Each structure stands twice: as C-alpha cells, then as structure tokens.
**Q** 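Let me begin by handing over the structure; questions about it come next.
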Protein chains: 2
Amino acid sequence: MKILKPSPEIKARHLQSLEIFSDLDKTEILMLSEKASMRFWDKSEFLFRRDEAAEKLEILVEGTATVYSILNDGSQKVIHIVSPVTTVGEAACFLGRPFPANCQMTTDGATLCIPRNSLLEFSQQYPDISWKLIGGLYSRLREFKNTVENHSNKSAVSRLATYIIGEARHGKEFILPAKKNQVANFLGLRPESFSRAISQLSSDGAVEFDGNIVTVIDIHRLESFLFPE
Amino acid sequence: MKILKPSPEIKARHLQSLEIFSDLDKTEILMLSEKASMRFWDKSEFLFRRDEAAEKLEILVEGTATVYSILNDGSQKVIHIVSPVTTVGEAACFLGRPFPANCQMTTDGATLCIPRNSLLEFSQQYPDISWKLIGGLYSRLREFKNTVENHSNKSAVSRLATYIIGEARHGKEFILPAKKNQVANFLGLRPESFSRAISQLSSDGAVEFDGNIVTVIDIHRLESFLFPE
DNA sequence: CGAGGGATTGATCAAGCTCAACGACAGTGG
DNA sequence: CCACTGTCGTTGAGCTTGATCAATCCCTCG
C-alpha cells in the first residue's frame with residue numbers, strides 16, 4: 001500500500017459523488033479533500049480487519065473489495081461486495097467502534113482516506129452530515145433485509161435471478177463485481193451450484209453470460225424465475 | 001386498538017428505559033411523554049404495514065410483535081421478533097420514509113406512540129438523539145449481519161444453537177419470544193425441522209425445552225454444535 | 001365435549017452440497 | 001517457445017439434509 005497526495009481537485013471529484021457529502025459546496029469539499037490522502041492498494045491487501053479500531057474512513061475509488069466474516073467453521077461469508085465510489089465502514093468510523101468484519105481488496109485499487117478527527121470536525125460544522133449518515137445506514141439496512149429475504153428464497157436459480165434483476169436495474173448489462181466464486185458466496189451458494197444456476201438461466205434464454213459480463217435478454221422470462229414453481 | 005392517556009409518569013418510565021432517550025433528564029422525558037399516547041392492541045393487529053407513511057413512532061411496552069415481509073411466492077419471512085421495551089421502525093420514522101415491512105402483534109399488548117413532529121422537534125433540541133439513533137441503527141445492522149451469517153450456517157442444529165447462545169447471553173434461561181412457529185421462520189427453518197433440531201439438542205443434554213422456556217444445561221456441549229461436523 | 005391451532009413424529013423426495021475430474025487461462029521460468 | 005503451476009470455472013455422480021406431505025398428539029377455549 002502506497003500513500004500519495006494528488007491534487008485536491010482530483011480528490012474532491014471523488015468526494016463530490018458521495019451522497020454523504022452532497023450538502024457540502026465546492027469550497028467545503030475542497031477543504032475536506034485537503035485532509036484526505038490517497039492510498040493505492042495491491043490485490044488482496046486488507047483495508048481493515050475485524051476488531052481493528054476505525055481510526056479513518058476509507059472511500060473506495062478504484063478496484064473492488066469484499067467485506068466478509070470468518071464463520072465458526074473457518075469458512076468465510078461475503079457480506080458485501082464493494083465497488084467504487086463507496087465509503088466502507090463509515091458507521092463504525094463515525095461511532096468510533098471497532099470494525100465488525102474484514103475488508104480485503106479483490107483487485108488492485110485505490111482509496112481516499114480521511115482521518116476520523118477531520119471527519120468528526122466536519123460533521124459538527126455540518127450537522128446534516130449525520131442525517132446523510134443515517135440515510136446511508138438505513139439503505140444498508142434495507143439491503144441486508146433484502147439479502148435475508150433472498151437467502152430464504154430457497155431455490156438457487158431464483159436467488160440468482162433476484163440478484164441479477166437488482167444489479168441490472170440501471171441498464172440491460174452489468175459486470176459481475178467480483179469473481180464468480182465470491183458472488184456465489186455472497187448469494188449463499190457453492191460455486192458449483194452457482195455455475196449450474198447460470199447455465200439454467202442462460203439456456204432458458206433469460207440472460208447471457210460472457211465471462212463476467214451479464215446481459216439481460218428477456219426480463220419477463222427472468223422475472224418468472226422469481227416465483228418458485 | 002384503543003388509545004388511552006395514562007399519567008405522564010407511567011409513560012415516562014417506559015421512555016426512560018430506551019437507549020435513544022438516555023441523554024434526556026427527567027423533566028425532558030416528562031415533556032416528551034406529554035406528547036405520547038398509549039395504545040392497547042389485540043393480538044394480530046398491525047402496528048404498521050409495508051409502504052405506509054411512518055407518521056409516528058411506536059414503542060412496544062407490552063406483548064410481542066413480529067416484523068415480517070411477504071416474499072414473491074406469497075410466504076412470509078420473519079425479519080425481527082420484537083419484545084418490550086423497544087422502538088419499532090424508528091429509522092423510517094425519523095427519515096420520513098415509508099415502512100419497509102409489516103409489523104403485527106403476536107399477543108395482546110401496548111405501545112407508546114409519539115407523533116413524528118414531536119419527535120423531530122425533540123431531536124432538534126437535543127442533537128445527541130440523532131447520534132443515539134445512529135448507534136441503534138448500527139446495532140440493528142450488526143444483528144442483521146449475524147442473521148445473514150447464521151443463515152449460511154447450513155446445519156439446522158447449529159443455527160438453533162447460535163440462536164440459543166445469543167438469546168441466553170443474560171442468564172441460563174430465557175423464554176422464546178414467540179410461537180415456535182415464528183421462531184422457526186425467523187431462523188429460516190420449517191417448523192418440523194425446528195422441532196427436530198430441538199429434540200436433537202435436548203436429547204444430547206445441551207439444553208432443556210419446557211414449552212417456551214429454554215434452559216441451557218451444558219454450554220460447552222451447546223457450543224460444540226456451532227462447529228458443523 | 002368437540003373444534004382448532006400448534007407441536008411433534010414418521011416416511012418420502014428433491015435440491016443443493018460434496019467430491020472428483022477436467023478444461024481454460026495466466027503467469028513463471030527454463 | 002514450451003512445459004509447469006495454480007487459479008478459476010464447469011461438469012458429472014452420489015449423497016445428505018431439510019422440505020414436504022400426512023398422521024397424530026396435545027392444549028386451550030368455546
């Protein structure tokens with residue numbers, strides 16, 4: 001991991017695209033970005049580990065990362081697949097709690113890093129930041145709710161279908177945000193089952209898989225898989 | 001559902017026990033409780049329904065309720081089993097979003113009800129309330145994380161074991177917060193499988209089930225079920 | 001007493017897991 | 001340039017687990 005200090009403008013552009021800072025105007029964003037350093041990560045480095053103190057806020061701006069826990073049988077469970085531009089572990093950072101899970105890069109990438117102190121200063125000056133934080137937490141909560149619901153959708157195919165529909169919301173095509181391996185884990189499936197679910201969906205003409213590129217061919221057919229039986 | 005206005009003192013006692021209002025002193029709590037009405041519910045009444053506007057904050061003070069979603073196949077998934085004294089749907093209420101799920105009483109019970117306006121007024125006067133809210137959301141998020149992890153613990157017995165260990169944290173004994181039916185659903189199990197898991201754990205001498213009363217007999221034996229195999 | 005809901009038990013079935021083998025591909029080093 | 005290696009994805013075969021279906025039991029309550 002290397003730390004660099006590129007121009008504030010570059011950093012500001014990333015910060016601007018974050019919902020949580022959307023109430024700050026340009027000069028304020030620039031002030032904040034003064035405090036931010038940019039970090040470049042190699043694949044499989046840890047952004048943070050479980051139980052570490054959350055002394056800074058990392059904002060993923062390039063590459064992908066996964067957030068995962070280690071279960072009691074030693075296996076790992078992918079909780080979240082992170083794509084840019086997103087804050088990671090922001091709640092723990094604001095609250096000063098230790099991180100509840102691990103976060104590891106799955107590709108090379110880069111983050112913006114803001115020290116917790118600067119963050120708290122800013123949120124005191126701009127109380128709306130904490131409302132944005134609440135909003136963000138709330139969406140994350142709803143995501144988790146969806147995950148739980150999806151996991152209790154027993155059929156592997158329907159789990160995959162709901163996932164695809166969710167990801168493809170903005171367009172007919174998207175790129176799997178991680179190795180199929182990881183996506184399978186995120187969906188609570190073994191790689192083999194995931195693979196079979198894929199071939200079922202694509203042999204049915206609902207979607208097309210080309211490597212990590214997923215194309216929705218027939219949305220109605222895809223939706224029909226949501227109803228088991 | 002009946003609305004009553006008991007003495008502010010009675011209401012205040014309930015409000016006091018909520019983490020979210022723990023920064024308010026007695027006179028402030030009393031002011032808040034002036035705004036609160038007390039509602040008495042019959043079994044299976046709805047505290048709120050999915051997509052309803054969250055115009056008030058309900059605080060369960062007696063009885064139990066479940067929060068659940070309706071899945072696309074028509075079945076229901078229990079997201080949360082609520083016991084007193086707890087706020088329900090507080091995030092939606094603060095943010096003014098519609099409720100993301102249904103909440104229904106599973107017994108007769110009572111709630112304190114605070115209009116959204118009064119709540120927002122108070123949180124403006126006492127900004128720490130929003131930090132408490134964030135803290136509460138954060139714990140809920142961690143709960144969900146645990147649920148997701150638990151659901152990917154494939155074995156029914158280990159799922160039940162982790163649940164029991166979690167519930168019995170404060171003492172060797174606890175009461176199932178709902179019908180076994182509902183608890184099974186919450187754990188992502190069919191009632192039959194749940195029942196079999198129970199008999200496996202109790203025939204192994206790890207726990208004892210007497211109706212809805214669960215007693216942990218041998219914590220180590222119980223923990224040994226966490227490791228599949 | 002009978003009715004109805006919940007819980008349990010038994011028998012069968014199917015979906016996904018496991019294990020194993022194989023193919024595709026990238027990176028490495030001779 | 002070509003073996004060698006390791007990772008990832010796919011495919012096949014058999015097995016295990018929980019779901020399903022059905023019957024029974026046990027309460028509570030009218």
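Since this is a predicted model, take the numbers as computed values, not measurements.
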**Q** When you compare the side chain of A/Gln104 with that of A/Lys43, does any pair of heavy atoms fall below 4.5 Å?
**A** no

**Q** Test of understanding: with side chain to side chain donor-acceptor pair (under 3.5 Å), list the residues that count as partners of B/Thr86, not counting sequence neighbours.
**A** none

**Q** Between P on D/dT10 and CG on A/Asp210, what's the gap in Å once rounded to a whole number?
**A** 11 Å

**Q** Restricting to pairs with a member in residues 48-60 of chain B, which pass salt bridge (Lys or Arg N to Asp or Glu O under 4.0 Å), not counting sequence neighbours?
**A** B/Arg39-B/Glu58

**Q** Mind checking what makes side chain to side chain donor-acceptor pair (under 3.5 Å) contact with B/Arg159, not counting sequence neighbours?
**A** none

**Q** Please enumerate all residues that pass side chain to side chain donor-acceptor pair (under 3.5 Å) together with B/Thr106, with sequence neighbours excluded.
**A** B/Thr64

**Q** Using rotation axes that map the C1' atoms of four end pairs onto the next four (five pairs an end), what angle separates the end axes of the helix from C/dC1-D/dG30 to C/dG30-D/dC1, to 10°?
**A** 30°

**Q** What side-chain donor-acceptor pairs closer than 3.5 Å can you find for residues 167-195 of chain A, not counting sequence neighbours?
**A**
unit_1, atom_1, unit_2, atom_2, d
A/Asn185, OD1, A/Val78, N, 2.8
A/Asn185, ND2, A/Gln76, O, 2.8

**Q** When you match B/Arg196 and B/Lys179 each to their closest nucleotide on DNA chain C, which lands nearer the 5' end?
**A** B/Lys179

**Q** What is the distance, to the nearest angstrom, from the CD1 atom on A/Ile198 to the P atom on D/dC8?
**A** 15 Å

**Q** How close or far is atom P of D/dT10 from atom CG of A/Leu201, stated in whole angstroms?
**A** 13 Å

**Q** Mind checking side chain to side chain donor-acceptor pair (under 3.5 Å) for A/His14 and listing every partner two or more places apart, or none if nothing turns up?
**A** none

**Q** Quick one: ring pair (Phe, Tyr, Trp, His ring centres under 6.0 Å) pairs with a partner in residues 40-81 of chain A, sequence neighbours left out?
**A** A/Phe48-A/Phe99

**Q** Which residues pass the salt bridge (Lys or Arg N to Asp or Glu O under 4.0 Å) test with A/Glu143, sequence neighbours left out?
**A** none

**Q** What's B/Gly188 touching, base or sugar-phosphate or nothing? Going by heavy atoms closer than 4.0 Å.
**A** sugar-phosphate

**Q** Extract all donor-acceptor atom pairs below 3.5 Å that involve side chains of residues 211-219 of chain B and protein atoms in other chains or at least two apart in sequence.
**A**
unit_1, atom_1, unit_2, atom_2, d
B/Asp218, OD1, B/His220, N, 3.1
B/Asp218, OD1, B/Arg221, N, 3.1
B/Asp218, OD2, B/Arg221, NE, 3.4

**Q** Treating primed atoms plus P, OP1 and OP2 as sugar-phosphate and everything else as base, which nucleotides of nucleotides 22-28 of chain D get B, S or - for protein heavy atoms under 4.0 Å?
**A** -------

**Q** Give the first and the last nucleotide of DNA chain C, reading 5' to 3', that has any atom under 4.0 Å from a heavy atom of chain A.
**A** C/dG16 to C/dC19

**Q** Between A/Ile213 (CD1) and D/dG9 (P), how many Å, whole number?
**A** 14 Å

**Q** Report the distance from atom CZ of A/Arg190 to atom C1' of D/dC8, rounded to the nearest whole Å.
**A** 16 Å

**Q** Any side-chain donor paired with an acceptor under 3.5 Å for A/Ser69 and B/Glu149?
**A** yes

**Q** Between A/Ser193 and B/Asn181, just flag the one whose closest nucleotide in DNA chain C comes earlier from the 5' side.
**A** B/Asn181

**Q** Nearest whole angstrom, please: distance from the C1' of D/dT17 to the CG of B/Leu160.
**A** 16 Å

